[in-house]
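First up is the structure itself, then whatever we jot down about it.
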Amino acid sequence: MPEECRFWLLDLNYEVINHEPEVWLWGITDGGKRVLLIDKGYLPYFYAVLEEGADPEAVLERVRGLVKADPLMRSAELVERKYFGRPVRAIKVVCQDPEQLEKQAKKVAKVEGVKECLEDDIRYSMSYLIDKGLRPCGWHSAKVRPLEQERFKDVQVDAVYEVVEGPVTIEEHVPPELRLMAFYMLAYSPKGSPRPEKNPVVVISVMTGDGDLRTFVAKEGDDRPIIRAFCDFIRSYDPDVIFGFRSNDKAWPYLAERAKVLGLELPVGRTGVGPHTSVYGHVSITGRANVDLYDFAEKDLPAVKVKTLENVADYLGVMPLEGREVLDPPDVKFYWEDKSKKPRLVKFCEDNARCIMGIGRSVLEFALQLSNLTGIPLDHVLTAAVGFRVEWLLIREARKRGELVPKRAERKYRPYVGGMVLKPRPGIHEKIAVLDYKSLYPSIMIKENLSPDTYLRPEEPEPPEGVNVAPEVGHKFRREPPGLYREVLSALISARDEIRERLRELEPGTALYRLLDARQKALKVVANATYGYAGWLGARWYLRPVAESTAAWGRYVISKTIEMAKEMGIELIYGDTDSVFVRYEPEKVEKFLKAVEEEFGLKIKPDEIFERVLFTEAKKRYCGLLPDGRLEIVGLEAVRGDWSAVARKVQKEVLEAVLKARSPQEGREKAVKIVRDYIRKLKAKEVPYKDLVIWEELTRRPEEYKVRTAHVEAAKIMMRSGWDISVGDKVGYVVVRGSGKLYERAMPYFLATYDDLDLDYYVKKQIVPAAMRVLKVLGVKEEELLAGVERKGLMAFFS
DNA sequence: GCTAAGGAGCTACCG
DNA sequence: ACCGGTAGCTCCTTAGCG
C-alpha cells in the first residue's frame, strides 16, 4: 500500500543506472525525519522544431526512424508550441538517458525538415522540478513505497522511498527545523600559501546550529586524524546545511585534494561520497546543502567593499571587528610555529567558524526564499550569477505556456543608449526631496509589454490588437497577448506588494516577519535584474530591442517629468535614470506627484527628503543629510573601496562637519581643522596601519594587463613570494617610499611596515583629494589644508 | 631628448 | 557570465619644442 509522504525539498540529484534515470529527492518530513525519495518515472526529452513548409508527418516518420534505431530513444510525437511568441510545430522526442540527450538531439537536428533542436540543454533534474511544479525549499507531498534495497543501506536518512505518485506542491512556507553547521579551516605552509600536495591542514573548527563548537588541531602537522575526525563529526551530526566562507573555491577543494594525497576518503555526503564540483562552480555534497556565504557577500552585499569574512561578519553585526584579532596570511605560519601563539591561532579559527554560523543564520532565510522563488536548489542559488536567477524563473513560465526555451548563443556586442543623467547644480541645497519612480524599468516593461516574444520585427505587419512603439528607437511590441516578461514581472511585483502590505501589520523580529521580509527581498532582487538580463549577451532570451526600448521609455518618462516640474515652477537640482531631486515645497510637490502619476500611470514617490544636499560638478556623486542626522553618501570617495580608509574617514568627517554646520563658515573651519588634524596624526604614525591599505580587484591575470598599475605589481610581488592570488581577488597594497612610478612603490600590505610608507603620498594623493572634493565647493584651497602641517608634521617626525 | 596634454586603461561606482 | 553612464586615477604616447 502506498503511503503519503510530506516533505520539504532540501537537495536533489540524479543517478543513471543502466541508462535508467532516477531523480533523488532529499527531504525533511513534517515529523523531522530525513528522507530520500526516488522517482523513476520521469524521462528526459527535447524538441525538434520543424522547418517552415516541411511536411510534419514526413519529418515525424524520419525522426521515428532514428528513435527505432536507438534503444535509448523512446518516442516522438508532433506537438504545437511557441517560439518567441510565434506558433511552431515541433516533435517532442522522449529519451531515456539524460547523459545522451544532447548527442541524440544533435543527430535529430540533422534530419531533413528539422530546423533545430531545443531544450536538450536543460539539466535533467531542473527539467524534472519544473515539469512537476516542484520548488526547492518548499513543501511537497507524494505517494510513496518504502525501498529496502542493499544499495541504500549506507545512505544516511531515516527512510528511502520510491515515488509512486506525485510529488505535488503544498502551500506552506514555514521551513522545518534545519540542522546547521559552519566550518573553517587553516593549513600550514612554511612559505606562502599552503599547497594541498604538501602542506597539512592544521586546524578545523566546526560550529553547529545548536551552539556547539568543535575544534580539531593537528598534532605534529599530521592532518590525517583531524580530517578523519572532521568527516566523522559531519556524519554524526548529520547537518542539512553546511556553511562555509570561500568553501566552494578554497576549503573544499583543499580538503578534497589533501584527502586524495593522503589516501583518505572524504565521506561527507549522505551517501558517503565526497564533495564534488558541479554547475556554476559550486561544490555539491549529496543530500545536504553546501552553502558558501562568500557568494552571498559577493552578489548581495554591495555595502561591504572588501569581502573578507571578518568584514562581512562585522557589517552584519555578527562579530565586531573591534576587539578581535584578525590574522593576516603570513601570521598563520608564525602562530603555528610559536607554541605561545598557537592558542591565538586556534581562537582565530574558532572565531571564524562562529562568524560563518552567524552570517549563515542571517542569510539563510533569504537564501531559502530565493531558492524557492527561482527554483534553483539551495546549494547553488547563491553561487548562480544574477542572470540565471531571472532565467530559471523565465524558463518555468515558458514551460507553463508552451513557449520553447531558446539556446544560449554567441552574439556580437552592440551597445545601446541607457538611462539619462542630469548635470547637478553644484553647491549645498536646503530641503531637497528625492522623487523616485517605483521599479521604473520593470513597470515600463509591464506597461508596454516589452518582451522577446512580443517584439515585432520592422518588416512584420502590425497585428489587429495594435503595437506600442518605443520613443527614439522605434521598436514595436504587440499589445497582446501578455509577454513572458510582463507575466513574470507582474507576478513578482504584485507578490512583493502583497507581502509588504502584510508586513505592515506584523511585528518586526517575529519569525513570520523575517520570512516574509526575506521573500520580499528575493522578489525585489529578481525583478530588478530583469532589465539587465534582457540586455545580457549570454541570456537565452537576449533581445537588444527589449533592453534598448526599456531604456528609451525610461528617458522619455524622466524627461517629461522634468518638463512638468519646470512647468509647475518646481526647482530641479539633479536627476538620474528614474529619480529627480527637487526643492521640497510640500503643496507643489504633492500636486506634481499626482500630475505625474496621472500622466504616465507609473507610481512615483518621495524616497527621501534631505535637510541638505551637497553636490560637486560631477554626476552620480553627492551627499545628503537626513532629518535624523544620518548622512547618505553616494558615489564619493567615502563609499569607494579603492580609497584608503583614512581618506574615506576624512571625507566622511568633512561632509558631516559641512552639512551639519550652522553656517558655511563654521562648517568650513571645522572641516579644515579635521583635515589638518588627520594629516598631523598620520605624520605622527597615529593612524592605524590598516587604514592605509588600498584594496583593488585583480580583474585578469597579471600578464594580461596592458599597463602597469599598483595593485597588479603588488599582486606580482605576492605571487613571487609564494602567495596565491587569483582573478577576482582583492589585492591590498600600501605605497612605500622611494623614487619612480606609483606602481614601483606598491607593496602587499602584509609585506611592509609603517616605517616603509610614503606618508607624503597618503597626504597628497589620498587625504587631501578626498577632502578637497567636498571643500572645493566651499572655496577652500589646498594650501589651507597643508598650511602649517608640513613643519609641525616634520617636528613630530623628528622628535 | 624633453615635456605637457590628452587619450587609453582601469576600477568602482549609480540607478 | 547583468545593463549603460559616469568619475577620476595612473600610465603612456605623442605633438611640439628646442
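Numbered from 1 within each chain, the chains take letters A, B, ... in sequence-line order.
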Applying a 4.0 Å non-hydrogen cut-off, can you work out what [X] is touching in the nucleic acid: base, sugar-phosphate, or nothing?
X: A/A547; value: nothing
X: A/S579; value: nothing
X: A/G535; value: sugar-phosphate
X: A/Y437; value: nothing
X: A/G538; value: nothing
X: A/F388; value: base
X: A/Y441; value: nothing

Calculate the interatomic distance between [X] atom [atom1] and [N] atom [atom2]; express it in whole Å.
X: A/R389; N: C/dA1; atom1: CZ; atom2: C1'; value: 13 Å
X: A/K730; N: B/dC10; atom1: NZ; atom2: P; value: 17 Å
X: A/Y533; N: C/dG4; atom1: OH; atom2: C1'; value: 19 Å
X: A/R544; N: C/dC2; atom1: CZ; atom2: C1'; value: 16 Å
X: A/W695; N: C/dC9; atom1: CH2; atom2: C1'; value: 20 Å
X: A/N528; N: C/dC2; atom1: CG; atom2: P; value: 15 Å
X: A/Y416; N: C/dG5; atom1: OH; atom2: P; value: 8 Å
X: A/R621; N: B/dC13; atom1: CZ; atom2: P; value: 11 Å

Below 4.0 angstrom from OP1 or OP2 of [N], is there any side-chain N or O of [X]?
X: A/Y743; N: C/dC12; value: yes
X: A/Y622; N: B/dG15; value: yes
X: A/T699; N: B/dT11; value: yes
X: A/H711; N: B/dT11; value: yes
X: A/R773; N: C/dA7; value: no
X: A/K620; N: B/dC13; value: no

Subject >> For DNA chain C, stems built from three or more consecutive Watson-Crick or G-U wobble pairs below 3.5 Å >> reply: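 Looking at DNA chain C, the stems formed by three or more consecutive pairs are B:1-15 with C:3-17.
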Over 60° means perpendicular and under 30° means parallel, so classify the ring planes of [Y] and [X], tilted if in between.
X: A/W536; Y: A/F388; value: perpendicular
X: A/H380; Y: A/Y280; value: tilted
X: A/Y749; Y: A/W695; value: tilted

Subject >> 5' precedence on DNA chain C between A/G532 and A/V417 (nearest-nucleotide basis) >> reply: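 Comparing both residues, the 5'-ward one is A/G532.
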**OP:** Give me the residues of residues 633-653 of chain A where at least one heavy atom lies under 4.0 Å from an atom of DNA chain B, by number, or none.
**Re:**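 Under 4.0 Å from DNA chain B: A/V634, A/G635, A/V639, A/R640, A/G641, A/D642.
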Subject >> Candidate nucleotides C/dT10, B/dG9, C/dA1, ranked by approach to the side chain of A/L742 - the nearest >> reply: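 The answer is C/dT10, which lies nearest to the side chain.
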Please tabulate the protein-to-nucleotide N/O contacts below 3.5 Å involving nucleotides 1-5 of chain B, giving atom names and distances.
none

Original post:
Any chance the side chains of A/D497 and A/S494 put a donor and an acceptor closer than 3.5 Å?
Top reply: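 No.
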